[in-house]
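Let me begin by presenting the structure, written as structure tokens, before commenting on it.
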Number of protein chains: 2
Amino acid sequence: MPVTINDVAKEAGVSITTVSRVINGNYPVKKETREKVEAAIKKLNFQPNPIARSLVSRKTNSIGIVVPSITNMYFTEVVDGIEKYARDHGYDIFLNITHGNHKNEQVAVNKFIERYVDGIIVVDPQTENILSGFYNDVVGEIPVVFVNGYHENIDLSFVISSEEKGFTAALKHLYKKGHKNIIFVRGDSSYSYDIKEKIYKEFVKSIGSKEVVISVNAGNSIEVVENTKNALIKFSKDIKIGLDYTALIACNDLMATGALNACHELGIKVPNEFSIIGFDNIVLSQMTSPKLSTVDQNMRKLGEKSAELLLNYIEKGYEVDKVLVETKLILRESCK
Amino acid sequence: MPVTINDVAKEAGVSITTVSRVINGNYPVKKETREKVEAAIKKLNFQPNPIARSLVSRKTNSIGIVVPSITNMYFTEVVDGIEKYARDHGYDIFLNITHGNHKNEQVAVNKFIERYVDGIIVVDPQTENILSGFYNDVVGEIPVVFVNGYHENIDLSFVISSEEKGFTAALKHLYKKGHKNIIFVRGDSSYSYDIKEKIYKEFVKSIGSKEVVISVNAGNSIEVVENTKNALIKFSKDIKIGLDYTALIACNDLMATGALNACHELGIKVPNEFSIIGFDNIVLSQMTSPKLSTVDQNMRKLGEKSAELLLNYIEKGYEVDKVLVETKLILRESCK
DNA sequence: GTGAAAGCGCTAACAG
DNA sequence: CTGTTAGCGCTTTCAC
């Protein structure tokens with residue numbers, strides 16, 4: 001049986017109120033009394049029961065993270081950033097993995113609310129939950145911060161990476177290096193792929209080149225590597241990769257890795273004959289050979305910022321913000 | 001203000017005791033009474049406050065996971081397995097990342113105990129915490145299950161993958177395929193590397209071959225890929241890789257990937273001239289070109305099993321178990 | 001079958 | 001400065 005505030009009070013010869021006061025330091029306590037109490041606390045090794053505390057204070061010092069997947073290196077770094085920031089600030093974190101299912105996401109959020117977590121971070125929320133108004137009700141009950149995902153004209157708080165900027169920078173870099181015909185690789189459905197495709201098409205048009213969009217199945221799962229490889233190999237039968245087209249830009253590093261593998265198999269030298277640039281800067285991009293040039297989304301910062309924002313809401317009240325996290329072009333070995 | 005059991009009692013015209021009974025179904029309640037109460041619960045959309053519940057029941061329906069890292073694909077899959085099993089069985093999970101620091105690990109465990117989680121899973125515990133007796137005190141307070149890590153003659157509950165068997169199988173496979181001179185790659189310090197080295201040396205001796213152990217800095221971080229690559233390239237100056245030595249076995253897939261990258265750079269064809277076999281079967285092993293042959297540790301199952309064990313302890317009482325999870329040789333493209 | 005009342009461990013008026 | 005008391009929302013004796 002753990003020691004309670006009562007035991008401490010008895011040991012110190014004071015009331016439990018006094019003990020409570022020295023624990024919380026929110027009311028004046030005479031120095032000698034405090035010392036007596038502190039001695040008792042130490043002697044008995046007393047830890048206030050957070051459950052009892054929460055019951056009256058209506059604060060649990062915990063936050064919930066809802067994330068589509070954790071085997072995906074992208075999300076993993078975001079979670080890492082959140083965890084560190086939150087823990088450093090005295091919050092424990094609950095984790096719920098939705099596997100990209102929008103119903104699961106709702107269930108997860110509702111369960112966190114029932115648990116009385118102090119706030120929730122949803123990483124890459126399902127677009128339909130954003131659009132359906134599900135979250136508009138939720139934020140009435142509890143502060144929520146979203147990391148990336150669909151956010152156009154949405155009255156909710158987001159931490160977003162400036163993908164447009166980063167993607168444009170990557171494209172411009174390729175162009176500056178003399179690449180005129182650039183292949184674009186995207187997954188089947190995602191807000192972020194749509195944005196990038198739009199930018200790509202406009203860019204290609206602006207330089208008077210022709211567009212080649214390769215769309216592969218899945219987008220963020222392991223399979224996308226293989227899918228991209230196969231798609232590119234198939235594509236290479238019609239068009240001379242390395243001659244007609246000298247560069248490729250992918251919506252994420254998984255796809256870029258798949259493209260790299262295709263070149264490997266086709267005997268195309270990267271970067272000498274063909275340049276590849278990815279997106280995200282997941283750890284994988286440093287493990288390939290050659291190492292991938294990519295656009296750093298700074299996922300860890302994305303996580304930290306969202307946690308920072310959430311803790312602010314918890315402590316000072318909710319409001320709607322959009323925080324932009326800068327992306328950064330990382331030049332490694334896969335393009336020249 | 002959320003609706004409480006009082007509101008329901010009032011609405012249904014019964015006492016809160018009765019409401020509590022229909023919620024928990026632990027005492028007989030007349031059918032019509034129950035229906036009245038259920039109607040009220042539904043009407044008011046009542047959710048029992050888990051904090052209040054925990055305070056009296058001394059059960060939080062939550063477990064804590066302590067893990068060294070989450071950007072490491074290996075741990076990530078373990079956590080995934082735990083999360084799924086626990087959630088499917090009504091438990092929420094707290095996550096704490098220690099970054100491989102044994103002090104952090106202790107703090108994490110203690111914080112979970114203070115939070116009154118119902119049980120704790122420690123993935124790859126720090127050997128010094130195991131040996132120092134830290135955990136022997138802990139299990140007196142709360143059930144704990146460990147996933148892998150040092151466990152020889154340790155009186156604690158472990159879920160362990162049969163690394164010895166898997167590693168031996170990989171070695172035998174290589175030998176059967178005609179490889180006599182096999183290079184071994186390990187990281188600097190880890191119980192699991194030591195075990196593998198021992199097996200390797202015995203095996204090499206048994207087939208009358210000579211041993212080559214390459215030890216690289218770090219073991220489970222991103223850098224190990226690069227470190228292994230460099231080590232192998234350096235090594236290749238003295239000994240003809242692909243001629244004198246035709247195969248390599250690594251302690252994990254990160255190192256195997258590094259070796260693969262080295263071959264790539266050295267112009268050595270894998271698997272035609274040189275065979276590589278990894279360990280773990282992290283997702284990365286399917287993303288390389290050629291895809292890595294490896295030993296599947298079945299990390300997801302490791303996670304699930306540990307959760308299963310823990311929930312059993314929570315519900316039926318703690319005892320000491322050692323559960324072995326089988327490994328499996330996965331032949332893909334990197335060896336022949 | 002049902003309800004009154006005590007209490008889980010703590011905080012926060014309210015008195016003094 | 002310090003103590004008494006009333007809860008927070010729920011479960012669980014103990015009576016009836």
Side-chain angles (χ1 to χ4, degrees), chain A residues 1-41 44-62 90 111 113-118 141-142, chain B residues 1-41 44-62 90 111 113-118 141-142:
Chain A
M1 209 81 278
V3 9
T4 74
I5 196 171
N6 265 296
D7 304 323
V8 177
K10 222 163 280 172
E11 173 75 26
V14 298
S15 76
I16 60 166
T17 311
T18 304
V19 178
S20 172
R21 280 172 188 146
V22 350
I23 297 169
N24 297 300
N26 48 359
Y27 282 91
V29 175
K30 211 203 307 178
K31 195 176 168 210
E32 343 166 1
T33 318
R34 187 206 324 290
E35 281 163 358
K36 263 196 307 188
V37 172
E38 279 164 351
I41 288 178
L44 301 177
N45 189 26
F46 167 67
Q47 305 279 12
N49 181 329
I51 314 274
R53 258 181 157 168
S54 296
L55 187 56
V56 17
S57 69
R58 302 186 156 288
K59 192 150 183 325
T60 56
N61 289 298
S62 65
K111 266 179 47 183
I113 295 175
E114 283 167 32
R115 268 231 180 251
Y116 290 85
V117 298
D118 297 330
E141 302 203 48
I142 185 174
Chain B
M1 208 80 279
V3 9
T4 74
I5 198 171
N6 265 297
D7 303 323
V8 176
K10 222 164 278 173
E11 174 74 26
V14 299
S15 75
I16 61 166
T17 313
T18 303
V19 177
S20 171
R21 281 173 186 145
V22 349
I23 296 168
N24 296 299
N26 48 359
Y27 283 90
V29 174
K30 212 203 303 177
K31 196 177 167 210
E32 342 167 4
T33 318
R34 185 203 329 287
E35 282 164 357
K36 260 195 310 189
V37 172
E38 280 165 349
I41 289 176
L44 300 177
N45 189 26
F46 167 68
Q47 306 278 13
N49 181 329
I51 314 272
R53 255 180 160 170
S54 297
L55 187 56
V56 16
S57 69
R58 306 188 152 286
K59 192 152 185 320
T60 55
N61 287 299
S62 64
K111 265 179 47 182
I113 294 174
E114 283 168 33
R115 268 231 180 251
Y116 290 85
V117 299
D118 297 331
E141 302 203 48
I142 186 174

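By convention in this document, chain letters (A, B, ...) are assigned in the order of the sequence lines, proteins followed by strands, and residues within each chain are numbered from 1. Note: hydrogens, waters and symmetry copies are ignored here, and every other heavy atom, side chains too, is used.
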- Item | Modelled atom types, side-chain donor and acceptor of A/Arg115 and B/Asn61, under 3.5 Å |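 Judged by distance alone, the side chains do not pair up.
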Please confirm whether the shortest side-chain N or O distance from [X] to OP1 or OP2 of [N] is below 4.0 Å.
{"X": "B/Thr18", "N": "C/dT2", "value": "no"}
{"X": "A/Arg58", "N": "C/dT11", "value": "no"}
{"X": "B/Thr4", "N": "D/dG9", "value": "no"}

For the pair made of [atom1] in [X] and [atom2] in [N], what is the distance, rounded to whole Å?
{"X": "A/Glu114", "N": "D/dC10", "atom1": "CD", "atom2": "C1'", "value": "16 Å"}
{"X": "A/Ile5", "N": "C/dC8", "atom1": "CD1", "atom2": "P", "value": "13 Å"}
{"X": "A/Lys30", "N": "D/dT2", "atom1": "NZ", "atom2": "P", "value": "5 Å"}
{"X": "B/Lys10", "N": "C/dG3", "atom1": "NZ", "atom2": "P", "value": "14 Å"}
{"X": "B/Asn6", "N": "C/dA4", "atom1": "CG", "atom2": "P", "value": "12 Å"}
{"X": "B/Lys59", "N": "D/dC10", "atom1": "NZ", "atom2": "P", "value": "18 Å"}

- Item | Side-chain touch B/Thr4/B/Asn49, heavy atoms, less than 4.5 angstrom |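 Not in contact.
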- Query: Who pairs with A/Arg34 by side chain to side chain contact (heavy atoms under 4.5 Å, CB included), at least two apart in sequence or on another chain?
  - Reply: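 If we apply the side chain to side chain contact (heavy atoms under 4.5 Å, CB included) test to A/Arg34, skipping adjacent residues, the hits are A/Val22, A/Val29, A/Glu38.
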- Item | side chain to side chain contact (heavy atoms under 4.5 Å, CB included) against A/Lys30, all qualifying residues, sequence neighbours excluded |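 Once residues adjacent in sequence are excluded, the partners of A/Lys30 under the side chain to side chain contact (heavy atoms under 4.5 Å, CB included) criterion are A/Glu32, A/Thr33.
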- Quickly, which of A/Ile5, A/Asp7, A/Val37 forms a side-chain contact (heavy atoms from CB on, under 4.5 Å) with A/Phe46? Name it, please.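 Of A/Ile5, A/Asp7, A/Val37, side-chain contact (heavy atoms from CB on, under 4.5 Å) with A/Phe46 is met by A/Ile5 alone.
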- Query: If you check the B/Arg53 side chain, which of D/dC1, C/dG1, D/dC10 turns out closest?
  - Reply: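 For B/Arg53, the side-chain atoms sit closest to D/dC10.
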- Message: How about NZ on B/Lys111, more than 12 heavy atoms from neighbouring residues, nucleotides or ligands closer than 6.0 Å, or not?
- Response: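 Yes, because the 6.0 Å sphere around NZ of B/Lys111 holds more than 12 heavy atoms from other groups.
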Give me, pair by pair, the N or O atoms of the protein and of nucleotides 12-16 of chain D that are less than 3.5 Å apart, along with how far apart they are.
{"residue": "D/dT12", "atom": "O4", "partner": "B/Thr17", "partner atom": "OG1", "Å": "3.4"}

- Message: Categorize A/Thr33 for me: base, sugar-phosphate, or nothing, with a 4.0 angstrom heavy-atom threshold over every strand shown.
- Response: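 Contact class for A/Thr33: sugar-phosphate only.
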- Query: Which part of the nucleic acid, if any, lies within reach of A/Tyr116 when heavy atoms closer than 4.0 Å are counted: base, sugar-phosphate only, or nothing?
  - Reply: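 Since no nucleic acid heavy atom lies under 4.0 Å of A/Tyr116, the category is nothing.
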- Item | Residue met sooner reading DNA chain C from 5', once A/Leu55 and B/Pro28 are mapped to nucleotides |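 Nearer the 5' end of the strand: B/Pro28.
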- Message: Which heavy atom of B/Ala12 sits nearest to which heavy atom of B/Ala40, and what is that distance?
- Response: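 The answer is CB-CB, 3.9 Å.
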